[in-house]
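Every number for a ligand or one of its atoms is a count from 1 in the order of the listing. Keep in mind it's a predicted model, so treat the numbers as computed, not measured. Heads up: numbering here begins at 1 and tracks the sequence.
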Amino acid sequence: MGDAAREMTDWYINLYRNVPAAGPGVCRICHSGPNDSYAICDGCRDTKRNVRRPVRNVVPISLCIKEDDQLYDIVSRSGNQSPRRGGPDRTTFLAATISRFYAAHARCLKRVAGGDFTLVTSVPSTRSGEPLPAFHPMPKVIQMIAALKDLYKPVLWPDIGAAVVGPRVSNEHAFKVTGCVDGKVVLLVDDIFVSGAHVQSAASALHRAGAASVTVLVVARLINPEYNEANTIIWNRTRTEPFTFERCCLCGTSSRRSSESD
Ligand SMILES: [Zn+2]
Ligand SMILES: [Zn+2]
C-alpha cells in the first residue's frame, strides 16, 4: 500500500493511541494494565491458564476503549456494516494501519519472533452460525499488504466439535490446523484483542502443530480504563499524547518520554 497507507493513516492519526512498552504497570504479554505489582494482567492470566503453549508476545498497534472511541467503532464492526460516526472502509483502514506499522516495525516483530516470518495467518471467528466466507475479513486485509500477502496461508479453522471460546476462557482445541506449520515462524494477525482468549487458543493450536514461534500483531488492544489503576494511568497518559507510527510497544520506552524525543 505504501504511500496510500501513509496518507490514510495520517488522515486518521488522531484515532490511534500509543501502546506502552511492557514494564511496571504494563502487562508483559498484551500491554494493558495488571493489578498491583503483577507482571501480567488478569485477562492474560486467565487465558494462559487453559493452554499449554501460550503466546508471549502480543503487539498491539493502538489501544482503544469501548465508549466514544472511533477506532473501536471501525475495528469492531462486522462485515460491511457502516460506522456509527462515518469513517473509512474497514478493510482498507485495517490494511493501511497494518501496512504502515509493519513497514516501520518489522524488525521489532522479527526480533521477538526469533527470525524472519515464514508464515502469516489470521484468527478465524468461532462464532457459530456464520457462513464460511464471513469467517473473518482478515484474509482480505492481508492480501492488500505487499509485505505479508505472499506469506499468508489460512491454516486455522474453528473445530466445530470443540467447546466454544468464551470471554477469558481459552481452549486450545477450539481451532484445528491444516497444512504444515512445522518449524514455521508465525505472524498471527488479528483486528481486536479483548481478553486474548481467541489469540491464546489459536497460538497454542499452532504451537502444538509444530510452529517454532508465534508472534501476535493486533490492530487494537481494547482496555477498560476503569478496571484498575494501571489501566487508568495507561489511558490517561496515552489519550493526551500524540500518536506516532515511529515507535511501537517493542521499541519504545516504558517511561513518560514523549514521542518527539524518541
Ligand atoms: Zn495482558
Ligand atoms: Zn518498534
Side-chain angles (χ1 to χ4, degrees), residues 5-6 9 16-51 53-65 97-117 123 147-148 165 167-170 187-190 192-204 214-225 227-235 238 241 243-255 257-262:
R6 179 173 285 270
T9 50
Y16 305 101
R17 299 286 169 221
N18 291 319
V19 180
V26 180
C27 174
R28 69 177 153 79
I29 298 175
C30 78
H31 302 262
S32 78
N35 282 329
D36 305 321
S37 56
Y38 290 102
I40 63 170
C41 70
D42 286 4
C44 288
R45 183 201 60 203
D46 290 350
T47 58
K48 250 166 62 97
R49 192 174 286 158
N50 296 336
V51 297
R53 293 280 309 272
V55 75
R56 281 181 302 188
N57 290 296
V58 175
V59 181
I61 297 173
S62 175
L63 298 179
C64 73
I65 57 171
T97 304
I98 296 168
S99 176
R100 182 167 182 184
F101 183 88
Y102 191 80
H105 301 286
R107 266 173 56 192
C108 304
L109 292 162
K110 289 173 187 177
R111 178 169 50 80
V112 296
D116 287 351
F117 294 108
V123 186
L148 302 181
V165 175
R168 284 211 197 174
V169 183
S170 49
L187 182 67
L188 181 61
V189 184
D190 208 1
I192 188 160
F193 185 101
V194 183
S195 75
H198 281 91
V199 155
Q200 286 295 9
S201 305
S204 194
V214 180
T215 303
V216 177
L217 175 62
V218 295
V219 173
R221 197 317 175 202
L222 177 72
I223 67 164
N224 175 1
Y227 182 72
N228 59 20
E229 196 189 349
N231 273 334
T232 309
I233 292 169
I234 288 171
W235 186 249
T238 196
E241 65 183 20
F243 179 84
T244 174
F245 275 97
E246 302 304 309
R247 64 163 287 275
C248 76
C249 62
L250 298 175
C251 64
T253 64
S254 55
S255 74
R257 277 168 68 189
S258 74
S259 52
E260 283 81 7
S261 64
D262 280 335

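For His105, the N, O or S atom with the smallest separation from the Zn ion (ligand 2) is ND1.
Between Phe245 and Tyr16, the ring planes are perpendicular. Angles over 60° get that label, and only those under 30° would be called parallel. Taking the six-membered ring where tryptophan is involved, the planes of His105 and Phe101 are tilted, since the angle between them lies from 30° to 60°.
Distances under 2.8 Å from the Zn ion (ligand 1) pick out the protein N/O/S atoms Cys27 SG, Cys30 SG, Cys41 SG, Cys44 SG.
Legend: residues meeting side-chain contact (heavy atoms from CB on, under 4.5 Å) with Asn224, ordered by chain and number and at least two apart, are Glu226, Tyr227.
Within a 6.0 Å radius of CZ in Arg45, more than 12 heavy atoms belonging to other residues, nucleotides or ligands are found.
Vertex the Zn ion (ligand 2), arms ending at SG of Cys251 and SG of Cys248: the angle is 110° after rounding to 10 degrees.
When Leu222, Ile223, Val219 are each tested for a side chain to side chain contact (heavy atoms under 4.5 Å, CB included) with Cys64, only one passes: Leu222.
Judged purely by atom type and a 3.5 angstrom limit, Asn231 uses its side chain to pair as donor or acceptor with the backbone of Gly33. No side-chain donor-acceptor contact under 3.5 Å links Ser195 to the backbone of Gly43.
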